[in-house]
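Below: the structure, in C-alpha cells.
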Amino acid sequence: MSQTHTVTFRFADGASRAIDVAEDETLLDAALAGGVPLMHQCRSGSCSSCIATICEGDTSNQPGSSSTLLASEYEAGHRLLCVSRAQSDCTFDLSYGSAEGGVVPVEVNAFVNAIEPIASNVVKLSLELAEGNWLSFKPGQFVQIEVPGVGKLRSYSPVSTEADLPTLELLIRLLPEGVMSSWLKSGANVDDVVKLKGPYGAFFLREKRRAPHIFVAGGTGLAPVLSMIDRMRQIGGRKPPMLLSFGCATSDALFYLDELELRRQWLPGLDTRICVDREPDSCYHNGSPVSALRPEDVTDPDTVAYLCGPQGMIDAATRRLIELGVAPENVFAEQFVPSN
Ligand code: FES
C-alpha cells in the first residue's frame, strides 16, 4: 500500500482545503476526488490550467508524463498538478479564488459571422453565440472549438471581452498543415455553426491588482493580452500604468496596430512597444518583445506581468522580469502548445 501525505491547497480568496493524497496518484486526481475546486482541462500536462505554486514539501513527476512547464516556471515553484505526485506533506498556493476554480465549462453553438485575414499568417474569426447559448469567460482564459468536419478540438483565447458577447472574436495563426487553418482557408463560410466549450485556464486578469502591469505578447499571444487591456479599460476608477511589449518575426506578420493605437489614446497610462526581430531596418524595435523590456520598467515591487506567446519567449520573459524585480508569484504566463 502506498504512503499518503497531507496536501493543503490555499486559494487566493483565503479559502483552504487539506486532503490526504497517496504517493502513487496525481495531485489533481486526488483533489478532484476530494471535491477541491481546481481548474483543469487536459489532465495530461499540456494546457497549464492546473498550475499551482508549491510553498512547502516535495513533488515528483508522474512516470511517463510530459509537462509543458518551462524550466524558469519550475524554478519559480510552479507545478502542474495533473502530472505531479506528492513525495511529502505539501502546501500549494492557487492564484485564483475557490469560486473561480469551481466554474464548470459549458458547451455552446456559435455561428460564423466573419473570417478576416489580418496579417500574412493570422485570421480573425468572428463568432456569434446562438440564441439561448452563453459562455462566460475571464479575459485571458481560453475556449475550445471543434473544427467542423474533422471533429478535432483547438484552443484559442478570445481577443474580445465578455462585454462583447454574444460576439466572440478569435485570432488564429495559420499553420501549413493545421486542421483549423485548412478549414478556415477552404471550408469555412459565414453562417456555419461551430461548437465551443469553455471557459478554461488559470491565465486571466487579476482585476483587483492596482500595481503597474506589464504585458508581453508574441504573435497571436496578443489576443488574451488585448482582452485583458480592454477589460482594464472597462473597469471603473484610476488605471495602473500599463506597458505592452508585442512582437512578431517580420513587419508583414504584425497586426492590430491601429487597434493598439486606439487603446493608447483611450488609456493615457498605456505604453506600447512594437517589435520585429528579423528585420533590422524596420521602423519598429529591432528584437524580441523581451529585449524591449528595460530596467526602468519595473520600479514597483508589486508589478504584475502577463505573458503569452511561444515557449522560448515565455521562458526569456519570465527570467528577465524576475531579474528586473518582478516577484515570481506575480508573473502569469500562457504558452502556445503545438496541437497533436
Ligand atoms: S489540466 Fe494539467 S496541464 Fe492541463
Side-chain angles (χ1 to χ4, degrees), residues 9 11-13 27-28 31-32 36-53 67-70 73 78-84 92-108 127 134-146 153-162 165 168-173 180 196-207 209 215-231 304-311 313-314 317-318 329-339:
F9 298 98
F11 292 88
D13 57 1
L27 289 160
L28 181 69
L32 295 180
V36 183
L38 295 183
M39 288 188 167
H40 63 284
Q41 188 260 317
C42 69
R43 301 180 83 149
S44 61
S46 62
C47 77
S48 294
S49 296
C50 64
I51 198 163
T53 305
S67 157
T68 53
L69 212 56
L70 300 166
E73 295 177 302
H78 299 323
R79 299 289 183 272
L80 296 180
L81 298 174
C82 67
V83 290
S84 300
F92 289 92
D93 276 349
L94 285 319
S95 64
Y96 51 86
S98 50
E100 285 153 342
V103 171
V104 178
V106 295
E107 202 169 306
V108 297
L127 302 171
W134 200 256
L135 196 163
S136 298
F137 65 95
K138 290 177 177 293
Q141 286 193 299
F142 68 91
V143 297
Q144 289 195 313
I145 175 167
E146 188 179 309
L153 298 171
R154 291 293 179 264
S155 302
Y156 302 97
S157 298
V159 66
S160 49
T161 68
E162 206 175 70
L165 290 173
L168 197 75
E169 292 183 337
L170 309 175
L171 302 184
I172 298 174
R173 185 162 72 101
M180 175 59 85
L196 297 176
K197 195 170 176 194
Y200 295 112
F203 181 67
F204 59 83
L205 183 71
R206 271 60 180 176
E207 294 190 3
R209 310 273 182 120
F215 301 97
V216 184
T220 50
L222 182 65
V225 156
L226 203 52
S227 178
M228 291 181 185
I229 291 172
D230 280 350
R231 177 62 194 151
V304 189
Y306 295 92
L307 327 172
C308 189
Q311 275 191 0
M313 188 211 82
I314 300 285
T318 304
E329 63 271 22
N330 287 346
V331 178
F332 302 96
E334 180 99 310
Q335 54 171 301
F336 294 154
V337 179
S339 303

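This one's a predicted model, so the numbers in the text were calculated from it and none came from an experiment.
When every heavy atom of S49 is checked against every heavy atom of A202, the shortest pair comes out as O-CB, 3.6 Å. Listed here is the closest heavy atom pair of F336 and G221: CZ-N, 3.1 Å. The two residues L70 and Q311 have their closest heavy-atom pair at CD1-O, 3.7 Å. Counting all heavy atoms, side chain and backbone alike, I172 lies closest to M180 at CG2-CG, 3.9 Å. Nearest heavy atoms, G140 versus E334: O-OE2, 4.4 Å. Nearest heavy atoms, M313 versus C308: CE-O, 3.5 Å.
Judged by a 6.0 Å distance limit and a 45° cone about the ring axis, R79 is not positioned over the six-membered ring of F92.
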- Item | Chi angles and distances behind the side chain to side chain contact (heavy atoms under 4.5 Å, CB included) call for I51, L80 | CA-CA 5 Å; I51 198 163; L80 296 180; 4.1 Å; yes

- Residue pair L168, L135: steps toward the side chain to side chain contact (heavy atoms under 4.5 Å, CB included) verdict: CA-CA 10 Å; L168 197 75; L135 196 163; 5.6 Å; no

- Trace of the side chain to side chain contact (heavy atoms under 4.5 Å, CB included) decision for L170 with R154: CA-CA 11 Å; L170 309 175; R154 291 293 179 264; over 6 Å; no

- Please test S48 against T68 for side chain to side chain contact (heavy atoms under 4.5 Å, CB included), starting from the C-alpha separation and ending with a verdict. CA-CA 7 Å; S48 294; T68 53; 3.7 Å; yes

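Just one residue in the list Y200, F137, F204 forms a ring-ring contact (aromatic ring centres under 6.0 Å, His included) with F142, and that residue is Y200.
Contact check for H40 versus L32: side-chain heavy atoms found under the 4.5 Å cut-off. For the pair K197 and L153, the minimum side-chain heavy-atom distance is 4.5 Å or more. Contact of the V103 side chain with the Q141 side chain is not registered, since no non-hydrogen atoms from C-beta on lie closer than 4.5 Å. D93 is not listed as a side-chain neighbour of E329, based on a closest heavy-atom distance of 4.5 Å or more.
When ring centroids are compared, F332 and F203 stay outside the 6.0 Å threshold.
Atom CG of L171 and atom CG of L226 lie 8.0 Å apart (nearest 0.5 Å). Annotation: the span from I145 atom CD1 to Y156 atom OH amounts to 7.5 Å, rounded to 0.5 Å. The CG atom of L165 lies 11.0 Å from the CG atom of L127; values are rounded to the nearest 0.5 Å.
Under a 3.5 Å cut-off, the side chain of R231 and the backbone N or O of K138 do not form any donor-acceptor pair.
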